[in-house]
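These numbers come from the heavy atoms of this one structure, side chains and all, not from hydrogens, waters or symmetry mates.
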Amino acid sequence: MAQIKPFCGIRPRRDLAERIAALPYDVYSRGEARKEVEREPLSFLKVDRAETQFPPGTDIYEACVYEKARDTLAQMLREGEFVRDDAACYYLYEQNMAGHRQTGIVGCASIDDYIGQTIKKHENTREEKERDRFRHIDICGMQTGPIFLAYRADATLKALVAEAKTAEPETAFCSPDGVGHRIWVIRDGERIEKIRRLFAGIDSIYIADGHHRAASAVKVGLKRRGEHPGCDGSEPFNYFLSVLFPDDELQILDYNRVILDTGGLEPGELPNQIREKFTVEGPFTHAVRPSGKGEFSLYDASGWYRLKIRPEYRSDDPVEGLDVSILQKEVLEPIFHIEDPRIDPRIDFVGGIRGLEELERRVHRDAGAAFALYPTSIGELFAVADAGRLMPPKSTWFEPKLRSGLFLHSLED
C-alpha cells in the first residue's frame with residue numbers, strides 16, 4: 001500500500017515559470033551550469049547548483065555553498081517569485097517532447113514506503129552524491145527536485161487524470177529544448193481522496209530516476225525524526241517530493257558506451273574479436289541502430305557494424321539478461337579488460353538523446369570505438385527491482401527530464 005499525500009506546493013509565479021524551471025542539477029557539468037545561470041539569472045540552477053554564484057574553482061561542498069542556496073531560495077520567496085497554495089493539493093505535470101506525452105501526478109511519497117521497499121530502487125547510490133543532496137535538502141529545509149517515480153498503469157487513475165486535464169492548465173510553457181510543460185492543480189477534496197485511495201491500492205512503486213535525491217530525502221527525514229521525538233509521522237519531513245507516471249507513458253532511450261582505449265586493436269579488428277558470441281554484419285557506411293533486444297551497433301574508424309548476441313549466450317536472469325550486462329560480460333570485460341565501468345577511465349557513457357551522430361563524433365575526436373544499445377524497457381526495470389536486484393550503472397536514460405523548481409516541498413510546516 002503506497003502512501004502518496006497531497007501537499008501545499010510552492011510554485012513559480014505563472015509568468016516566471018518558464019524562466020525558473022531548470023533541468024536536474026546533475027545533468028550539467030560545472031561549466032554548463034554556470035553558463036546556464038548566466039544565460040537566465042532566474043534559473044533554479046542558482047539554488048540547486050549554488051556554486052554558480054561563487055568564483056570558479058570554489059569547492060562545491062563548502063558550507064557556504066549550501067547556505068547560499070538557502071539564502072537565494074529565501075530571497076526568491078520574499079520577492080514573490082514563488083506562490084504557495086493554501087491547502088494541500090495534488091498536481092498534474094504533463095510533458096510533451098516531439099509528440100511524446102507523459103503526465104505525472106505530483107505528490108509526496110512516504111519515507112517509510114522507501115524503507116519498507118514499497119518504493120523500489122534499481123540502482124546503487126554514491127556516498128558523496130548522497131551527502132551533497134542531504135546537505136542541500138537539510139540546510140534549505142526544502143525539497144527542490146522531484147523524484148521520478150513509476151507505477152503500473154491503472155485504468156481508473158488514468159481516467160481521473162484525463163478528466164482533470166479537460167480544464168485549462170494553470171501553467172503552460174515551452175522550455176528552450178523544445179519540451180512543452182503544462183501543470184494543473186487538483187484542489188477538489190473528492191478527487192483528492194480518490195487519488196489517495198487509488199495509490200493506496202498499488203503494491204509497488206519504482207524509482208525511475210532520482211535515486212540520490214530519494215536516498216538523501218529519506219536520510220534527512222530520519223535525522224529530523226531523531227530531532228523531534230514526539231513526531232507522529234504526519235510531519236512534512238516524513239515525505240519526499242515526487243512525480244508519479246504510469247509505465248505505459250514512459251520513454252526510455254538508449255544509454256550508449258564509448259571506449260577511449262581499444263588496447264592496441266586496429267580499426268576493423270574488433271568485429272573479428274567478437275564473432276564467436278555475436279553474429280556480425282558490416283561494415284556499413286551509414287549509421288546502424290539496434291532494432292531489438294539482443295542487438296548492438298559498433299562504430300570504429302572502419303565503419304558501422306550490426307551485432308547480435310547468439311542464443312546460447314542469452315540469459316533469462318533479470319540482470320544478466322539485460323543488454324547492458326551482455327555487452328559488459330561478453331565484450332567490455334574480456335576484450336577491453338573493463339571490469340568496473342563505474343570507475344574505469346577508459347569508458348564513457350552517452351545518452352541516446354544525443355543521437356548516433358555523437359558516437360561518430362567521439363570516435364573521430366577521442367575514442368577508439370563506440371557501442372549503441374537497444375533501450376532497456378520499463379518492464380526490465382520493474383523485473384530487476386521486483387527481484388531486489390540492481391542494474392549495472394548507466395542502464396536507463398529517461399526523456400524528457402523533469403524540471404526542478406516547478407514544485408517545492410517545505411519540510412518546515
Only pairs under 3.5 Å count here: list side-chain donor-acceptor contacts from residues 381-390, not counting sequence neighbours, and write none if there are none.
| from | atom 1 | to | atom 2 | distance (Å) |
| --- | --- | --- | --- | --- |
| D386 | OD1 | K120 | NZ | 2.8 |
| D386 | OD1 | Y206 | OH | 2.6 |
| D386 | OD2 | R152 | NH2 | 3.0 |
| D386 | OD2 | Y206 | OH | 3.1 |
| R389 | NH1 | D317 | OD1 | 3.2 |
| R389 | NH2 | D317 | OD2 | 3.1 |

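Look at R361 and E358 and you find a salt bridge, because one of the NZ, NE, NH1 or NH2 atoms lies within 4.0 Å of a carboxylate O, short of that distance. Ionic pairing of E128 and R126 is present here: one or more N-O contacts between side-chain nitrogen and carboxylate oxygen are shorter than 4.0 angstrom. With respect to E32 and K35, no salt bridge is recorded, no charged nitrogen being found less than 4.0 Å from a carboxylate O.
Put simply, the side chain of H212 never gets that close to the backbone of F134: no donor and acceptor are under 3.5 Å apart. Formation of a donor-acceptor pair under 3.5 Å by the Q143 side chain with backbone atoms of L241 is found in this model. Checked by atom type and distance alone, the side chain of T58 never pairs as donor or acceptor with a backbone atom of E51 at under 3.5 Å. Side chain of N256 to backbone of L373: a donor-acceptor contact under 3.5 angstrom is found. Distance alone, capped at 3.5 Å, places no donor-acceptor pair between the R70 side chain and the G141 backbone. In this structure, the side chain of S242 engages the main chain of F240 through a donor-acceptor pair within 3.5 Å. A donor-acceptor pair is defined here as one N or O able to donate and one able to accept, closer than 3.5 Å; no such pair exists between the side chain of D113 and the backbone of S110. The closest donor-acceptor contact from the side chain of D254 to the backbone of Y374 lies at 3.5 Å or more, if one exists at all. Judged by distance alone, the side chain of E380 and the main-chain N or O of S377 form a donor-acceptor pair under 3.5 Å. Under a 3.5 Å cut-off, the side chain of R403 and the backbone N or O of K401 do form a donor-acceptor pair.
Counting heavy atoms from C-beta on, the side chains of D26 and K129 come closer than 4.5 Å. Inter-residue side-chain proximity for L332 and I259 is flagged as met; some heavy-atom pair is nearer than 4.5 Å. The side-chain heavy atoms of I347 and V258, taken from C-beta on, include no pair separated by under 4.5 Å. Taking 4.5 Å as the limit, some side-chain heavy atom of R101 sits within range of a side-chain heavy atom of R182. Looking at L73 and L408, their side chains come closer than 4.5 Å, going by heavy atoms from C-beta outward. You'll find the side chain of R84 reaches within 4.5 Å of the side chain of C8, heavy atoms only. When side chains are defined from C-beta on, H136 counts as touching D48, because their heavy atoms get closer than 4.5 Å. Inter-residue side-chain proximity for L307 and T279 is flagged as unmet; no heavy-atom pair is nearer than 4.5 Å.
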Worked check of side chain to side chain contact (heavy atoms under 4.5 Å, CB included) between F148 and L250: CA-CA 11 Å; F148 190 152; L250 295 180; 3.6 Å; yes
Q95 and Q102: CA distance, side-chain angles, deciding distance, side chain to side chain donor-acceptor pair (under 3.5 Å) verdict: CA-CA 5 Å; Q95 297 176 294; Q102 58 188 39; 3.0 Å; yes
Derivation of the side chain to side chain contact (heavy atoms under 4.5 Å, CB included) call for R275 and N272: CA-CA 5 Å; R275 288 184 187 276; N272 293 326; 2.9 Å; yes
Side chain to side chain contact (heavy atoms under 4.5 Å, CB included) between Y255 and T376, intermediate numbers included: CA-CA 8 Å; Y255 214 152; T376 302; over 6 Å; no
Full working for side chain to side chain contact (heavy atoms under 4.5 Å, CB included) between K121 and Y114: CA-CA 9 Å; K121 63 181 183 178; Y114 179 95; 4.2 Å; yes
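With rounding to the nearest 0.5 Å, the separation of CD1 in I338 from CG in D344 is 5.0 Å. Note: L160 CG to I105 CD1 = 7.0 Å, rounded to the nearest 0.5 Å. Between atom CZ of residue F278 and atom CG of residue L327 there is a gap of 6.5 Å, rounded to the nearest 0.5 Å. In this structure, R14 CZ and R11 CZ are separated by 8.5 Å, a value rounded to the nearest 0.5 Å. Between F245 atom CZ and D209 atom CG the span is 11.0 Å, to the nearest 0.5 Å.
In terms of the salt bridge (Lys or Arg N to Asp or Glu O under 4.0 Å) criterion, residue partners of R187 (sequence neighbours excluded) are, by chain and number, D85, E170. In this structure Y299 satisfies the ring pair (Phe, Tyr, Trp, His ring centres under 6.0 Å) test together with W304, H364, sequence neighbours excluded. Partners of A33 by side chain to side chain contact (heavy atoms under 4.5 Å, CB included), not counting sequence neighbours, listed by chain and number: Y28, L45, R49, T52. Scored by the ring pair (Phe, Tyr, Trp, His ring centres under 6.0 Å) test, F7 finds Y91, H409 as partners (sequence neighbours excluded). Applying the ring pair (Phe, Tyr, Trp, His ring centres under 6.0 Å) rule to H122 yields the partners H211; only residues at least two apart in sequence or on another chain are considered.
The 12-atom threshold is exceeded at CZ of R224, counting heavy atoms of other residues, nucleotides or ligands nearer than 6.0 Å. Taking a 6.0 Å sphere around NZ of K308, one finds it holds 12 or fewer heavy atoms contributed by other residues, nucleotides or ligands. A 6.0 Å sphere centred on CD of Q117 holds no more than 12 heavy atoms belonging to other residues, nucleotides or ligands. More than 12 non-hydrogen atoms from other residues, nucleotides or ligands lie less than 6.0 angstrom from NZ of K165. Within 6.0 Å of the CD atom in E339, the count of heavy atoms belonging to other residues, nucleotides or ligands does not exceed 12. By the neighbour-count criterion of 12 heavy atoms within 6.0 Å, atom CZ of R342 is sparsely surrounded, having that number or fewer from other residues, nucleotides or ligands. Heavy atoms from other residues, nucleotides or ligands lying under 6.0 Å from NZ of K293 number more than 12. The neighbour count for E127 CD, taken as heavy atoms of other residues, nucleotides or ligands under 6.0 Å away, does not exceed 12.
Judged by the 6.0 Å distance and 45° axis criteria, K5 is positioned over the aromatic ring of Y239. Taking the ring centre of F336 as origin, the terminal cationic atom of R257 falls outside the region bounded by 6.0 Å and 45° from the ring axis.
Considering all non-hydrogen atoms of both residues, S410 and P236 come closest at O-CB, 3.3 Å. The heavy-atom pair separating I4 from Y90 by the smallest distance is O-OH, 2.5 Å. The heavy-atom pair separating I183 from F407 by the smallest distance is CD1-CZ, 3.7 Å. Residues I252 and P375 come closest through the heavy atom pair O-CB, 3.3 Å. The minimum heavy-atom distance between I205 and A2, with the atom names listed, is CD1-CB, 3.5 Å.
Side chains of Q273 and E269: no donor on one and acceptor on the other come within 3.5 Å. Between E295 and S291, the side chains place a donor N or O and an acceptor N or O closer than 3.5 Å (distance only, hydrogens not considered). Between the side chains of T125 and E130, at least one donor N or O sits under 3.5 Å from an acceptor N or O.
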